[in-house]
Amino acid sequence: MKKKLSLKVLLLGVLVVFVGIILAESLIIKVKTTSLKKEPVFYSDTVAVLNNGEQVEKIGEQQGWYKVRTQKGQEGWLHSSAVQEKKFFLFAMNKQVKSQASAEEVALAGKGFNKQVEEKYKANNPSLSFVVVDRMLKLKVTPRQLKSFLEKGKLGEFGGGQ
Amino acid sequence: MRAGKYLKWVICFTVAALFFAGCAAVQEKLGSLKITKSDADAIVKTTKALRKSFSEITEEEEYYIGRAVAALILSKYKVYQNSKLTAYVNQVGNAVTVYSDRPETFAGYHFLILDSSEVNALAAPGGFVFVTKGLLKRCKNEEMLGCILAHEVGHVSAKHGLQSIKKSRLIDAFKVIGQEVGKKYGPQELAQLTEVFENVLGDIAEKLIERGYDRKYEYEADRLGIRFAAKTGYAPGGLLDFLKTMSDEAGEGSDKGWYKTHPAPQDRLKRAEKELGKLNTIPSIQKVRTTRFNQATRTLK
């Protein structure tokens, strides 16, 4: 009796793990680059830098943050605003599809309004300068600077933040 | 009997395992094609018009739209050269973004000071945020600046710029885009798409720079700004203090910049006060922040 029960438990266990693997949720990085964080806060140390289009596996969730595993096996936290969910369809069928692009593919292929369109727009509007825009993009606040700023100003977790 | 029961369990398990393995195999096959069932459905819809709303604009496209809108803003205003103050404004801005609904955009949030005595703040899609020197001079403490930047982050977070784009533009764009994937545009396609791009920028610039966003978006940005500021730890009353300052000054250059593009401060004040009442806890002004604000803005001329 005991042996039969343990066999059932074992079989069920294997099935649960199996389904778990299949249903594991994939996330795609939708921003240019993002930092995989050690802890679910922006000023935490960076475990790895991930690029647009890279896929990661979601293994946990906490207040707007996803715990993920990268394809290289690194684990850490990503904010939900940096990723989009790649849905798994259990009953997906291999239908014949036309060669047009879906919104997701457009994003992955970098089509739509892209660098090529910007170059053409620049050529049409030579008086517009993107030099300052590029300089503006270099204005960054490092995680360490952010932490120090929040800490000294008694902000966020260091003060009156909700 | 016992053997039968045992066999039943093994069969059940095997069937289930084979079922899921089959699904996985199908998914893997589709995965290698980079097409899922949803993609297939979306592709079928594409022939009609996939991009019906602004929400179909990708993060990367929003970034390119934002870059061009920023370039348009910078063609009207000069940049105020003060690296220390610019760094401080970026720190206040980034503090607010991390407690907002949308901390990450395609290329992040960046804040720049415009060399103008006019009072104005502008947020281009994707997180290019501008404040004028005139506006900074009206701020008395970090709370006021934090609340104004939180309002601007609210515009980016709720994608108010993208919502200003006429729907017809998106359909025009997708007629060009919805062809083959993975190749560069030919000259004709590129010319068509660039024309759509210019029209998109025109839609946004008209609202953002010339006429101002719809009132409902300004009120929404106030609501979001108050929430983001309070979550960061800033006294959200900073927004009310700023609006009171602007209300008192109404009349002086009230046909320009901020006055031209924003609803009357009195109208916003009433709504903002209501929002404040909804917060569970209201952070208070901290002397340490006012001190560093005074230090940072000391060089402001």
Side-chain angles (χ1 to χ4, degrees), chain A residues 4 7-8 11 15 18-19 22 30-32 34 42 79 81-82 87-90 92-95 97-107 109-114 116-118 120-121 124 127-130 132-133 136-137 139 141 145-146 149-150 152-156 159-162, chain B residues 9 13 16-17 20 23-24 26-27 29-30 35-40 42-43 46 50 56 58-61 64-65 67-68 70-71 74-75 79 86 90-91 94-95 98-99 102-104 106-107 110 112 128 177-178 180-182 184-185 190 193-194 197 230-233 281 283 286 288-289:
Chain A
K4 206 169 76 181
L7 187 69
K8 277 184 190 177
L11 286 172
L15 195 63
F18 201 54
V19 172
I22 292 165
K30 66 175 179 179
V31 296
K32 201 172 185 181
T34 191
F42 279 100
H79 192 268
S81 57
K87 287 169 190 152
F88 181 92
F89 289 89
L90 208 55
M93 288 297 165
N94 198 357
K95 277 186 185 174
V97 287
K98 293 176 186 174
S99 63
Q100 276 136 335
S102 72
E104 189 179 306
E105 283 178 307
V106 168
K111 287 198 86 178
F113 300 140
N114 60 13
Q116 205 189 350
V117 174
E118 183 181 289
K120 176 77 177 163
Y121 175 71
N124 292 354
S127 62
L128 279 183
S129 172
F130 282 73
V132 184
V133 180
M136 187 178 180
L137 283 162
L139 296 168
V141 179
Q145 285 170 333
L146 177 68
F149 186 79
L150 294 173
K152 285 181 185 161
K154 296 178 182 173
L155 292 167
Q162 291 175 354
Chain B
W9 268 96
F13 174 77
F20 287 115
C23 289
V26 170
Q27 177 64 26
K29 195 165 173 62
L30 288 175
I35 287 171
T36 64
K37 169 92 168 32
S38 73
D39 293 334
I43 289 161
T46 300
L50 184 70
E56 296 283 355
T58 67
E59 301 272 322
E60 188 171 4
E61 285 179 303
Y64 279 105
I65 292 169
R67 277 174 63 86
L74 290 164
S75 70
V79 175
T86 304
N90 273 276
Q91 287 183 323
N94 271 275
V98 298
Y99 295 98
R102 194 184 175 200
E104 295 209 42
F106 191 76
H110 306 275
L112 207 56
F128 299 86
I177 303 162
E180 286 172 59
V181 178
K184 277 195 156 194
Y185 296 117
L190 185 61
L193 199 58
T194 308
F197 188 63
K231 220 173 150 192
T232 311
T281 51
Q286 289 287 333
V288 64
R289 296 198 288 262

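All chains are named by letter (A, B, ...) in the order of the sequence lines, taking the proteins before the strands, and each is independently numbered beginning at 1.
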If the plane angle is over 60° it's perpendicular, under 30° parallel, otherwise tilted; pick one for A:F113 and B:F197. tilted
At a heavy-atom separation under 4.5 Å, does A:F42 approach chain B through its side chain, its backbone, both, or neither? side chain
Could you give the distance from CE (A:M136) to NE2 (B:H110), rounded to the nearest 0.5 Å? 7.5 Å
Side chain, backbone, both or neither: which part of B:V288 has a heavy atom under 4.5 Å from chain A? side chain
The interface call for A:L139 against chain B, heavy-atom contacts under 4.5 Å, is both
For B:A95 and A:L150, which heavy atoms make the closest approach, and how far apart are they? CB-CD2, 3.8 Å
Honestly, the part of A:L137 sitting under 4.5 Å from a heavy atom of chain B is both
What distance separates A:N114 CG from B:E60 CD, expressed to the nearest 0.5 Å? 7.0 Å
Just so I know, are the side chains of B:L112 and A:V132 near enough to count as touching, which here means a heavy-atom distance under 4.5 Å? yes
Contacting moiety of B:Q91, where chain A heavy atoms sit under 4.5 Å: both
Would you say the side-chain atoms of A:S81 pair up with the backbone N or O of B:E104, donor to acceptor, closer than 3.5 Å? yes
Roughly how far apart are B:E59 CD and A:K30 NZ, rounded to 0.5 Å? 4.0 Å
Look up atom NZ in A:K120 and atom OH in B:Y185, then write down how far apart they are to the nearest 0.5 Å. 14.0 Å
Interatomic distance, CG@B:L190 vs OH@A:Y121, rounded to 0.5 Å, equals 14.0 Å
Sort B:L193 into side chain, backbone, both or neither according to what part of it lies under 4.5 angstrom from a heavy atom of chain A. both
With rounding to the nearest 0.5 angstrom, report the CZ to NZ distance, B:R289 to A:K152. 15.0 Å
